[in-house]
J.: 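Dropping the structure in here first, questions after.
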There are 2 protein chains.
Amino acid sequence: MKSPSGEIPQYLLIKAQLQDRIARGALKSGDKLPSERELCALFNTTRVTIRESLAQLEAGGLIWRADRRGWFVSPDRLWLDPTQNTNFHKLCQEQGRTPKTVLLEGRVAPVPVEVMTPLALQPFDQIYLLTRLRYADDRAICYCENHCLPARVPDLLGHDLNGSLTEVYQRYYDLVYTSMHLSFWPTAMPAQAAAALGVMEGRPALMLRRLNYDQHGRILDFDIEYWRHDSLRIEVDTH
Amino acid sequence: MKSPSGEIPQYLLIKAQLQDRIARGALKSGDKLPSERELCALFNTTRVTIRESLAQLEAGGLIWRADRRGWFVSPDRLWLDPTQNTNFHKLCQEQGRTPKTVLLEGRVAPVPVEVMTPLALQPFDQIYLLTRLRYADDRAICYCENHCLPARVPDLLGHDLNGSLTEVYQRYYDLVYTSMHLSFWPTAMPAQAAAALGVMEGRPALMLRRLNYDQHGRILDFDIEYWRHDSLRIEVDTH
DNA sequence: CAGTGGTCTAGACCACCCA
DNA sequence: GGGTGGTCTAGACCACTGC
């Protein structure tokens with residue numbers, strides 16, 4: 001059955017029907033959608049078409065896919081005011097979610113080129129590179145690389161980095177995030193972040209870069225974060 | 001030719017090659033890519049596979065499609081600090097781009113539900129609804145709906161709204177944008193915005209909502225903007 | 001092991017754009 | 001009118017998941 005000329009394409013009709021079921025609560029946050037082949041049978045079409053509908057719902061942040069496990073209805077977005085110096089754990093708790101941060105790797109590394117300029121370093125300077133994964137309600141939603149200056153936080157790797165970095169800074173180094181320069185834009189999920197988050201490489205993501213300053217106005221560290229694009233809403237208040 | 005087991009899929013290899021050509025400048029901003037069928041021949045594969053590669057490059061903001069005209073290399077992103085009260089025209093000029101704003105429609109309308117609460121209105125209150133399209137270098141990049149309060153700006157529709165709204169507010173009503181509450185997240189392009197921007201419905205987009213206040217701290221208006229997701233970078237400085 | 005999603009083939013027809 | 005992208009069909013094989 002072709003979509004006749006001038007009409008709305010099938011995949012948009014299917015998308016609308018699925019969207020409707022989600023809006024009406026017939027499919028709730030966390031629910032698994034029927035398998036692609038079941039959807040094919042339901043809507044009497046082929047997988048290519050079904051997958052076009054699913055991809056659009058994914059782009060809209062209504063559903064997400066767990067690699068090879070199927071499609072699920074997305075939970076509500078976490079929201080974040082980047083100008084407030086709150087940390088991830090507090091944020092989650094205020095919004096009724098259960099936070100978790102896991103250190104994937106912590107090591108000394110030469111400064112990556114794209115981080116060199118913001119951190120005002122030379123090509124072969126060394127930094128602490130922390131790779132961490134953030135969860136809300138046991139769903140991995142953010143892959144995070146912290147580039148920290150050994151001059152500011154000597155022996156950083158000796159501490160437990162599975163929690164809030166803010167608190168480690170404050171407790172052991174007497175350093176407080178005070179201001180920052182933040183930039184972000186939609187991008188494609190890079191391979192490493194994709195693998196850690198269990199999403200597919202190249203799918204839409206939200207990239208966030210943050211250059212942090214301490215209470216003395218000195219550069220403190222530089223973060224690069226990749227968020228699942230359905231998991232975050234940014235709120236800024238200039239009052 | 002199948003991608004043998006355990007190897008990198010073809011579409012990622014093709015994506016990488018195209019990405020490489022763009023990075024090396026063999027394909028420059030604004031250039032048109034070869035047609036999909038030519039790419040099929042070049043990489044010895046089918047359109048489904050090629051289109052997967054192109055979709056990923058699009059998701060990453062490296063290329064964009066002009067409906068039924070082909071694929072083009074994206075220009076650099078405009079950047080915007082939402083906490084600075086600058087307007088679109090100044091922004092473009094500072095970044096060496098040629099701005100243009102076109103009024104698509106201006107009319108009195110009942111307040112849409114999702115705008116009612118932020119504007120502190122009642123269900124059947126009326127507003128001025130402006131629908132505008134913003135261009136940088138003759139490429140439509142932002143579809144914008146302004147919901148303005150008749151109480152603040154009586155007779156707004158009597159003025160020329162093809163330029164900066166900021167300036168109209170200031171010149172004729174002595175009102176200045178002073179603070180705002182801003183929220184945004186990645187979403188799918190809705191039908192109306194898609195049609196105006198000449199992109200396809202459902203493709204990734206960046207949605208931005210802004211509640212503006214005047215110099216007296218009163219609510220002034222509410223904007224909903226849809227940006228091509230490859231055209232904007234947000235920068236916030238909390239110094 | 002049955003079924004899933006991930007990837008891919010080799011076509012097709014259509015509306016629309018541009019020359 | 002030839003070529004483009006937009007949509008769709010009807011299959012296929014694979015690696016992996018979950019039972």
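Quick note on labels: first sequence line is chain A, next is B, and so on, each numbered from 1.
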J.: Atom pairs under 3.5 Å, N or O on each side, protein against nucleotides 2-6 of chain D: can you list them with distances?
T.:
residue : atom : partner : partner atom : Å
D/dT4   : OP1  : B/Ser35 : OG           : 3.3
D/dG5   : OP2  : B/Glu36 : N            : 2.8
D/dG5   : N7   : B/Arg37 : NH1          : 2.7
D/dG5   : O6   : B/Arg37 : NH2          : 3.2
D/dG6   : OP1  : B/Arg65 : NH1          : 3.4
D/dG6   : OP2  : B/Arg51 : NH1          : 2.9
D/dG6   : OP2  : B/Arg65 : NH1          : 3.0
D/dG6   : N7   : B/Arg47 : NH2          : 2.8
D/dG6   : O6   : B/Arg47 : NH1          : 3.0

J.: What is the separation between atom CD on A/Glu52 and atom P on C/dC8, rounded to the nearest whole Å?
T.: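 Rounding to the nearest Å, CD of A/Glu52 and P of C/dC8 are 17 Å apart.
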J.: Taking only side-chain N and O atoms of A/Thr49, does any of them lie within less than 4.0 angstrom of OP1 or OP2 on D/dT7?
T.: no
J.: In whole angstrom, what separates A/Phe72's CZ from C/dT4's P?
T.: 13 Å
J.: To the nearest Å, give me how far apart CG (B/Leu39) and P (C/dC8) are.
T.: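 Atom CG in B/Leu39 sits about 15 Å away from atom P in C/dC8.
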J.: Whole angstrom is fine here: how far is it from NZ in A/Lys15 over to P in D/dT7?
T.: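 Computing the A/Lys15:NZ to D/dT7:P distance gives 11 Å.
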J.: Under the side chain to side chain donor-acceptor pair (under 3.5 Å) rule, collect the residues that match up with B/Arg47, sequence neighbours excluded.
T.: B/Glu36
J.: The criterion is side chain to side chain donor-acceptor pair (under 3.5 Å); which residues satisfy it with A/Arg233, sequence neighbours excluded?
T.: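 Applying side chain to side chain donor-acceptor pair (under 3.5 Å) to A/Arg233 gives A/Glu235.
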J.: I need the CD-P distance between B/Gln10 and C/dC8, as an integer number of Å.
T.: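 It is 5 Å, rounded to the nearest whole Å.
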J.: Please report whether the ring centroid of A/Phe43 lies less than 6.0 Å from that of A/Tyr11.
T.: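 When the ring centroids of A/Tyr11 and A/Phe43 are compared, they turn out to be at least 6.0 Å apart.
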J.: Excluding sequence neighbours, so at least two apart, what forms side chain to side chain donor-acceptor pair (under 3.5 Å) with A/Trp64?
T.: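 Result, side chain to side chain donor-acceptor pair (under 3.5 Å) vs A/Trp64: none returned.
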J.: For A/Ile50 and C/dT4, what is the distance between atoms CD1 and P respectively, to the nearest whole Å?
T.: 14 Å
J.: Name all residues meeting the side chain to side chain contact (heavy atoms under 4.5 Å, CB included) criterion together with A/Val48; count only those two or more places apart in sequence or in a different chain, and write none if there are none.
T.: A/Thr46
J.: Please give me the minimum heavy-atom distance between A/Lys100 and A/Phe88, naming the atom from each residue.
T.: O-CE2, 4.1 Å
J.: For C/dC8, take OP1 and OP2 only and decide whether either is under 4.0 Å from a side-chain N or O of B/Thr45.
T.: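 No, B/Thr45 has no side-chain N/O under 4.0 Å of OP1/OP2 on C/dC8.
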J.: The helix from C/dC1-D/dG18 to C/dC18-D/dG1: angle between its terminal axes, five pairs each, to 10°?
T.: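 Roughly 10°, once rounded to the nearest ten degrees.
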J.: Got a sec, which residues hit side chain to side chain donor-acceptor pair (under 3.5 Å) with B/Glu52, two or more places apart in sequence or on another chain?
T.: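 With sequence neighbours excluded, B/Glu52 shows a side chain to side chain donor-acceptor pair (under 3.5 Å) to no residue whatsoever.
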J.: Whole Å only: how far is the CG atom of B/Leu13 from the P atom of C/dC8?
T.: 8 Å
J.: What donor-acceptor contacts under 3.5 angstrom involve side-chain atoms of residues 194-208 of chain A, with partners at least two apart or in another chain?
T.:
residue  : atom : partner : partner atom : Å
A/Arg203 : NE   : A/Glu58 : OE1          : 3.3
A/Arg203 : NH2  : A/Glu58 : OE1          : 2.6

J.: Scan the side chains in residues 137-145 of chain B for donor-acceptor partners under 3.5 Å anywhere in the protein, sequence neighbours excluded, and list what turns up.
T.:
residue  : atom : partner  : partner atom : Å
B/Asp137 : OD1  : B/Thr98  : N            : 2.8
B/Asp137 : OD2  : B/Arg97  : NE           : 2.9
B/Arg139 : NH2  : B/Asp230 : OD1          : 3.1
B/Arg139 : NH2  : B/Asp230 : OD2          : 2.9
B/Tyr143 : OH   : B/Glu145 : OE2          : 3.3
B/Tyr143 : OH   : B/Gln192 : NE2          : 3.3

